Amino acid sequence: MNVSRPAVHPVEAPPLTEAAVHGPRVRMKDVQGMPGTKGGLFLRLSQFSFATISVSVMATTSDFRSATAFSYLVLAVALQSLWSLSLAFVDIYALLVKRSLRNYKAIRLFTIGDGITSTLTFAAACASAGITVLIGSDLNKCAFNHCTRFETATAMAFISWFAMSPSFLMNFWSLASQ
């Protein structure tokens, strides 16, 4: 009985490429403004400073409780300053130990927190701007109220929101690209 047997011929393996040796390079580079970068730290510190100025100016005004929008501004901007300060500490830690904040859960927490605090700050600044215009232009009661302080606190809240927007967009972009 003549049965054919399979023959095994040795074949050389192809040479290893650089991607096979070092692994695939899929990691996104750190864009300034993202968490854990110097740009991100600068944005957090500017958010914190403008929010703190807004709270300080509004809290030193004796009659800010006369309008609910002003009380809401103080609450929202105080929350904004606490959030920005806590994330600034996280950024400082990440920069000191040279760690990347690319964890999906961390980026999701940063994105949700930035979205909530920026929405609250923007809504409070808009409401306070409306009341400031009502008091100053429509009622002409700036002589009895602290219109310049109200306007300054509202402007600082808007600037804090402007500094918050790039942080939120960078976090959202990083979350969407994972």
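Any value given below was found using the heavy atoms of this structure, including those in side chains, with hydrogens, waters and symmetry copies removed. Model, not experiment: these values are computed from the prediction.
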> So which pairs with a foot in residues 107-120 pass side chain to side chain donor-acceptor pair (under 3.5 Å), sequence neighbours left out?
Replying inline: Arg44-Asp114, Trp83-Asp114, Asp114-Asn171
>> Are Leu95 and Met170 connected into the same hydrophobic cluster when the rule is that any two of I, L, V, M, F, W, Y join if their side-chain heavy atoms are below 4.5 Å apart?
In response: no
> Do Val57 and Met156 have side chains that get closer than 4.5 Å, going by heavy atoms?
Replying inline: no
> Below 4.5 Å, heavy atoms only, C-beta onward: do Thr37 and Leu41 meet side chain to side chain?
Replying inline: no
>> For Ala125, is there any backbone N or O sitting under 3.5 Å from a side-chain donor or acceptor partner on Ser128?
In response: no
> Which pair of heavy atoms, one from Ala88 and one from Leu45, lies closest together, and at what distance?
Replying inline: CB-CD2, 4.0 Å
> With the 4.5 Å side-chain cut-off for hydrophobic clustering, are Met164 and Ile159 part of the same group?
Replying inline: no
> Going from CG on Leu109 to CG on Asn103, what distance comes out if it is rounded to the nearest 0.5 angstrom?
Replying inline: 10.0 Å
>> Which heavy atom of Ala157 sits nearest to which heavy atom of Leu73, and what is that distance?
In response: CB-CD1, 3.6 Å
> So with a 6.0 Å cut-off around CZ of Phe42, is the heavy-atom count from everything else above 12?
Replying inline: no
> Using the ring of each side chain (for Trp, its six-membered ring), is Phe172 parallel, tilted or perpendicular to Phe168, with breaks at 30° and 60°?
Replying inline: parallel
>> Using side-chain heavy atoms (C-beta onward) and a distance below 4.5 Å, is Phe110 in contact with Leu101?
In response: yes
>> With no hydrogens and no angle check, just 3.5 Å: does a side-chain donor-acceptor pair link Gln80 and Thr121?
In response: yes
>> If hydrophobic clusters are built from ILVMFWY residues whose side chains come within less than 4.5 Å, do Leu175 and Ile116 share one?
In response: no
>> Determine whether a donor-acceptor pair (N or O, by modelled atom type, separation under 3.5 Å) exists between the side chain of Ser81 and the backbone of Thr52.
In response: no
> salt bridge (Lys or Arg N to Asp or Glu O under 4.0 Å): which pairs involve residues 53-80, sequence neighbours left out?
Replying inline: none
> Would you say Phe48 and Leu87 make side-chain contact, with heavy atoms under 4.5 Å?
Replying inline: no
> Looking at Ala78 and Val55, what are the two nearest heavy atoms and their distance?
Replying inline: N-CG2, 3.5 Å
> Should Tyr72 and Leu79 be counted in the same cluster of Ile, Leu, Val, Met, Phe, Trp and Tyr side chains packed under 4.5 Å apart?
Replying inline: yes
> Could you give all pairs that pass the disulfide (SG to SG under 2.5 Å) test and reach residues 146-178, with sequence neighbours left out?
Replying inline: Cys142-Cys147
> Closest approach of Ser54 and Val77, non-hydrogen atoms and distance?
Replying inline: CB-CG1, 3.8 Å
> Looking only at atom types and distance, does a side-chain atom of Asp91 sit under 3.5 Å from a main-chain N or O of Pro35, one as donor and one as acceptor?
Replying inline: no
> Where does the angle between the aromatic ring planes of Phe150 and Phe70 fall among parallel (under 30°), tilted (30 to 60°) and perpendicular (over 60°)?
Replying inline: parallel
>> Donor-acceptor check, side chain of Arg149 to backbone of Thr60, threshold 3.5 angstrom: yes or no?
In response: yes
> So which of Ser165, Pro166, Ser84 actually passes side chain to side chain contact (heavy atoms under 4.5 Å, CB included) with Leu43?
Replying inline: Pro166
>> Give me the atom names and distance for the closest heavy-atom approach of Ala129 to Phe158.
In response: CB-CE1, 4.1 Å
> Is any side-chain heavy atom of Trp173 closer than 4.5 Å to a side-chain heavy atom of Met34?
Replying inline: yes
> What is the minimum heavy-atom distance between Ala124 and Ala76, and which atoms define it?
Replying inline: CB-CB, 3.8 Å
